[in-house]
Amino acid sequence: MDKLFDILHEDEELLVINKPADLVCHPTKGDEFSSLISRVRLHLGPDATPRLVNRLDRETSGVTVVAKTTEAARQLGRIWETRAVQKEYLAIVHGHVREELGLVDAPLGKDEQSRVVIKDCVRADGSPAQTEFIVERRFKHAEGAFSFLRVLPRTGRKHQIRIHLAHLGHPIVGDKLYGGDEDLYLALVERRLTEEQRAKLILPNHALHAAAVRFTWRDVPAEFRCDPEPWFTDFWSSGELI
């Protein structure tokens, strides 16, 4: 049997996974390996009723928390809803971010000008959203200038980090939806992405990784952390430092 996923932690109530990039959380179609939740059911067995506590976009890798019981799902859901959880992401973006650290405070809502139904954008009448970032490294490759960021979202809106970094003028490398040419996303969905378009994206997936989550569980501080995949790490570590 193929490997289902990397397990970061497992007990009677929790299963914490390092979700691979290019894997949806919930099934659309395909076999039992085609979504994270279906792989979880394979791991736990046919009688299990797992629930994903947090969800990551298809191309985002990293820490994903699964509740193995209904009660755990209810309590973890409350923790997430009350924002009593700290999340830490890693991102590689285009360009050299000038500030060493900063905060993007910009409301988000539906992008009514886009051909893509799921796309959101910064808009004055949107829901409040805040994303803090810290520059870890500035570097360059043959493809251009890049920055490696540690990102700390203060809110949890859909596509928040991707939209905010693009709004800052530094879209995530490989982002097909918010990278400036949404036809790349449509080409992917319609299965017409060319080799030339893939080369333009530079990386096989968008360079966003959920590196850690921290929260209090059963009165004890809990932290779950994992490293990005090699294609992500190799890109920023092999660049020429600026």
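The model shown is predicted, which means the values in this text are computed figures rather than measured ones.
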Side chain to side chain contact (heavy atoms under 4.5 Å, CB included) between Leu108 and Thr155: does it pass, once the steps are laid out? CA-CA 11 Å; Leu108 304 179; Thr155 52; over 6 Å; no
Step-by-step salt bridge (Lys or Arg N to Asp or Glu O under 4.0 Å) determination, Glu71 to Arg74: CA-CA 5 Å; Glu71 179 60 20; Arg74 185 182 65 80; 2.4 Å; yes
Walk me through it: do Val173 and Glu143 pass the test side chain to side chain contact (heavy atoms under 4.5 Å, CB included)? CA-CA 11 Å; Val173 177; Glu143 297 92 343; over 6 Å; no
Can Arg123 and Asp120 be said to form a salt bridge (Lys or Arg N to Asp or Glu O under 4.0 Å), step by step? CA-CA 9 Å; Arg123 50 185 295 171; Asp120 284 355; over 6 Å; no
Could you walk me through whether Phe5 and His43 pass the ring pair (Phe, Tyr, Trp, His ring centres under 6.0 Å) test, one step at a time? CA-CA 9 Å; Phe5 37 63; His43 173 72; 5.6 Å; yes
Let's go through Arg137 and Phe146 carefully: what are the C-alpha distance in whole Å and the side-chain angles of both, what is the deciding distance for side chain to side chain contact (heavy atoms under 4.5 Å, CB included) to 0.1 Å, and is it a yes or a no? CA-CA 9 Å; Arg137 184 185 185 109; Phe146 304 92; over 6 Å; no
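With hydrogens and angles ignored, the 3.5 Å screen pairs a side-chain donor or acceptor of Arg138 with a backbone N or O of Arg98. Side-chain N or O atoms of Arg162 include none that pairs as donor or acceptor with a backbone N or O of Pro171 at under 3.5 Å. Without hydrogens or angle criteria, His141 side chain to Phe235 main chain gives a donor-acceptor distance under 3.5 Å. Within the 3.5 Å criterion, the main-chain N or O of Gln130 finds a donor-acceptor partner in the side chain of Gln160. Listed for the Lys19 side chain is a donor-acceptor partner under 3.5 Å among the backbone atoms of Arg58. Between the side chain of Glu223 and the backbone N or O of Ala212 there is no donor-acceptor pair closer than 3.5 Å. A donor-acceptor distance shorter than 3.5 angstrom exists from the side chain of Lys158 to the backbone of Ile118, with no hydrogens or angles considered. Of the possible donor and acceptor atoms, one in the side chain of Ser147 sits under 3.5 Å from a partner among the backbone N and O of Val97. One N or O on the side chain of Lys110 and one on the backbone of Val117 form a donor-acceptor pair closer than 3.5 Å. The closest donor-acceptor contact from the side chain of His94 to the backbone of His170 lies at 3.5 Å or more, if one exists at all.
Linking Ile, Leu, Val, Met, Phe, Trp and Tyr whenever their side-chain heavy atoms come within less than 4.5 Å puts Phe232 and Ile202 in one cluster. Hydrophobic clustering (side-chain heavy atoms under 4.5 Å, transitive across Ile, Leu, Val, Met, Phe, Trp, Tyr) keeps Tyr185 apart from Leu201. Under a hydrophobic-cluster definition in which Ile, Leu, Val, Met, Phe, Trp and Tyr are linked whenever side-chain heavy atoms come within less than 4.5 Å, directly or via other members, Val85 and Leu152 are assigned to different clusters. The hydrophobic clustering, which links ILVMFWY residues whose side-chain heavy atoms are closer than 4.5 Å, places Val63 and Val53 together. Under the 4.5 Å side-chain heavy-atom criterion for grouping Ile, Leu, Val, Met, Phe, Trp and Tyr, Ile172 is not connected to Leu177 through any hydrophobic cluster.
The aromatic rings of His159 and Tyr178 sit perpendicular, their planes meeting at an angle over 60°, well past the 30° parallel limit. Between Phe224 and His9, the angle of the ring planes lies from 30° to 60°, which puts this pair in the tilted group.
What you find for Gly174 and Glu59 is that their closest heavy atoms are O-OE1, 4.1 Å. Contact detail for Asp11 and Lys68: the closest heavy-atom pair is O-NZ, 2.8 Å. Closest approach of Asp111 to Cys121, counting heavy atoms only: CA-SG, 3.6 Å.
Residue His167 places its NE2 atom among 12 or fewer non-hydrogen atoms of other residues, nucleotides or ligands, all under 6.0 Å distant. Residue Glu12 places its CD atom among 12 or fewer non-hydrogen atoms of other residues, nucleotides or ligands, all under 6.0 Å distant. Residue Lys140 qualifies as open at atom NZ: its count of foreign heavy atoms under 6.0 Å is 12 or below. More than 12 heavy atoms of other residues, nucleotides or ligands lie within 6.0 Å of CG in Asp125, so this atom counts as buried by the packing criterion. For CD of Glu190, the number of neighbouring non-hydrogen atoms (other residues, nucleotides, ligands) closer than 6.0 Å is greater than 12.
Applying side chain to side chain contact (heavy atoms under 4.5 Å, CB included) to Pro228 and the options Asn18, Leu90, Ile92, Leu208 leaves one that passes, Leu90. The only option from Thr60, Asp22, Asp57 that meets the side chain to side chain donor-acceptor pair (under 3.5 Å) definition with His206 turns out to be Thr60.
In this structure, the separation between OG1 on Thr233 and CZ on Phe148 is 7.0 Å, given to the nearest 0.5 Å. To the nearest 0.5 Å, atom CZ of residue Phe215 and atom CD of residue Gln86 are 11.5 Å apart. With rounding to the nearest 0.5 Å, the separation of OG1 in Thr64 from CG in Leu36 is 5.5 Å. A distance of 8.0 Å separates OG in Ser35 from NE2 in His26, rounded to the nearest 0.5 Å. To the nearest 0.5 Å, atom OG1 of residue Thr131 and atom CG of residue Leu165 are 7.0 Å apart. Between the CG atom of Leu76 and the CD atom of Glu81 there is a distance of 11.0 Å, given to the nearest 0.5 Å.
Checked against the 6.0 Å centroid criterion, the rings of His209 and Tyr89 do not qualify as a close aromatic pair.
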